[in-house]
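All values below were derived from every heavy atom in this structure, side-chain atoms included, with hydrogens, water molecules and symmetry-related copies excluded.
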Amino acid sequence: MAKRPEHSAPPEIFYNEDEAKKYSQNTRIIEIQEEMSERAYELLLLPEDESALVLDIGCGSGLSGSVLEENGHQWIGIDISQAMLDVASDREVEGDLILGDMGQGMCFKAGSFDGAISISAIQWLCNADKSNHVPQKRLYQFFTTLYACLTRNARAVFQFYPENAQQIDMITNQALRSGFYGGIVVDYPNSTKAKKYYLVLMTGGVQQQLPAGLGTEESNTEQISYSKKREMTKNIRGKDVKRSKDWIMHKKERRRQQGNETRLDSKYTGRKRSGRF
Amino acid sequence: MKLLTYNFLTSKCIKKVKVGYPLKLNIMEQKVESTNFNPEFIQRVLPRLDWSAIKIAADSVGCQGFPDEINLETSTNDTELLQKLHHLLLEIEVVTGSLICPETNRIFPITNGIPNMLLNEDEV
């Protein structure tokens, strides 16, 4: 299994110029990032024909921002990697870029944004890259400051790659502690490759239902489901009457009475042939 | 960095800073890039803008004609004001300069249009 990038180096070092270049040249990476951004945008439920202001956390080269631009929204992006931000400004994205660490908190005025989006970023907060880092504290600091800078009735959608169930628990616990409500939406839970985790958080206001993940509907196959009833009635009826010894003897007797040519009875009558035959 | 972002940025993430707003703005190099005027967007963010920060921004880039006070009810339909705000907030880009925390005087440099808001370990 491929090594997780969080284990190799802290994000500001991992996303160096070489790695950043991939995000502007590698079509496969771009495609996956865009697909996830579109799904996250869908979950964000922004007003359709109005232009909103969205915060992009871990914006990187601005691929997720491009999705927001296409839908006519303004965005401000924050990322810890200078190399990734340089790629973004080379791409001439419309959004504004800030170099910052999400674990140190979101340095914005209260009630600034209509929503927040983040693609493959929060799992980085689960690692302690420096001696003074405490993942729980950094997550809590991040979520509380994020909660403050969102408006009422706003949503924050995070696509992330959890390493294990404990990470999911840790992230959601800290998010719920900070005042958000919401939870995890899993797309294609039965597929190893297409499976994607989205943390959908909502600030107060009207209670909304958590959306269902993609590919979670009941699959209707052509097979008939197993039912115990059939098996039971079969046992009640007992063994098949036809072709039993009694049945054969009865038939023979009847033929004799009718005057038809009938073979003599022997110890072999009505017996199964051996397998050798 | 656009001045819209400036209007939202604070330095409250630094330890012991209470408000950290508005930041002092020091511009060395700026450029203007025209974008499409979208009055609905300006109307939407208008209630969230801080007028004292708008005045600081307008003074430092040399934009004139902003009133001292803002009346939200009348200004949402004031196209001239919305257009001026659009120019100030979305068209002017600070390329080089710095932001200064009003409480601790910590300097956040802006290079290549990107403000560096990273803090050192002892400041968090």
For [X], which atoms come within 4.5 Å of any heavy atom of chain A: side chain, backbone, both, or neither?
{"X": "Ser11(B)", "result": "neither"}
{"X": "Ile110(B)", "result": "neither"}
{"X": "Glu93(B)", "result": "side chain"}
{"X": "Tyr21(B)", "result": "side chain"}
{"X": "Asn116(B)", "result": "both"}

Spacing of [atom1] belonging to [X] relative to [atom2] belonging to [Y], to within rounding of 0.5 Å:
{"X": "Phe8(B)", "Y": "Leu53(A)", "atom1": "CZ", "atom2": "CG", "answer": "5.5 Å"}
{"X": "Asp50(B)", "Y": "Lys109(A)", "atom1": "CG", "atom2": "NZ", "answer": "5.0 Å"}
{"X": "Ile42(B)", "Y": "Gln74(A)", "atom1": "CD1", "atom2": "CD", "answer": "8.0 Å"}
{"X": "Leu9(B)", "Y": "Ile76(A)", "atom1": "CG", "atom2": "CD1", "answer": "7.0 Å"}
{"X": "Asn112(B)", "Y": "Leu99(A)", "atom1": "CG", "atom2": "CG", "answer": "11.5 Å"}
{"X": "Ile14(B)", "Y": "Cys107(A)", "atom1": "CD1", "atom2": "SG", "answer": "9.5 Å"}

- Evaluate the criterion side chain to side chain contact (heavy atoms under 4.5 Å, CB included) for residue pair Asp96(A) and Leu4(B); output intermediate values, then yes/no. CA-CA 9 Å; Asp96(A) 229 1; Leu4(B) 176 71; over 6 Å; no
- Message: Are the side chains of Pro47(A) and Arg44(B) in contact, using a 4.5 Å heavy-atom criterion?
- Response: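 Side chain of Arg44(B) against side chain of Pro47(A), heavy atoms only: contact under 4.5 Å found.
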- Provide the closest heavy-atom pair for Leu118(B) versus Asp101(A) in the form atom of the first, atom of the second, distance.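 Minimum heavy-atom separation between Leu118(B) and Asp101(A): CD2-N, 3.5 Å.
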- Task: Please check if the side chain of Gln104(A) supplies one atom and the backbone of Cys13(B) the other of a donor-acceptor pair under 3.5 Å.
- Result: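 No.
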Which atoms of [X] are under 4.5 Å from chain B, going by heavy atoms: the side chain, the backbone, both sets, or neither?
{"X": "Glu12(A)", "answer": "neither"}
{"X": "Ala52(A)", "answer": "both"}
{"X": "Asn132(A)", "answer": "side chain"}
{"X": "Glu50(A)", "answer": "side chain"}
{"X": "Ile98(A)", "answer": "both"}

- Message: Taking every non-hydrogen pair under 4.5 Å, which of Glu123(B), Met1(B), Arg48(B) racks up the most with chain A?
- Response: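 The option with the most such pairs is Arg48(B).
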- Between Glu40(B), Lys12(B), Glu121(B), which has the largest tally of heavy atom pairs under 4.5 Å with chain A?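 Most heavy-atom pairs under 4.5 Å with chain A: Glu121(B).
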- Task: Assess whether atom NZ of Lys21(A) is packed by more than 12 heavy atoms of other residues, nucleotides or ligands within 6.0 Å.
- Result: no
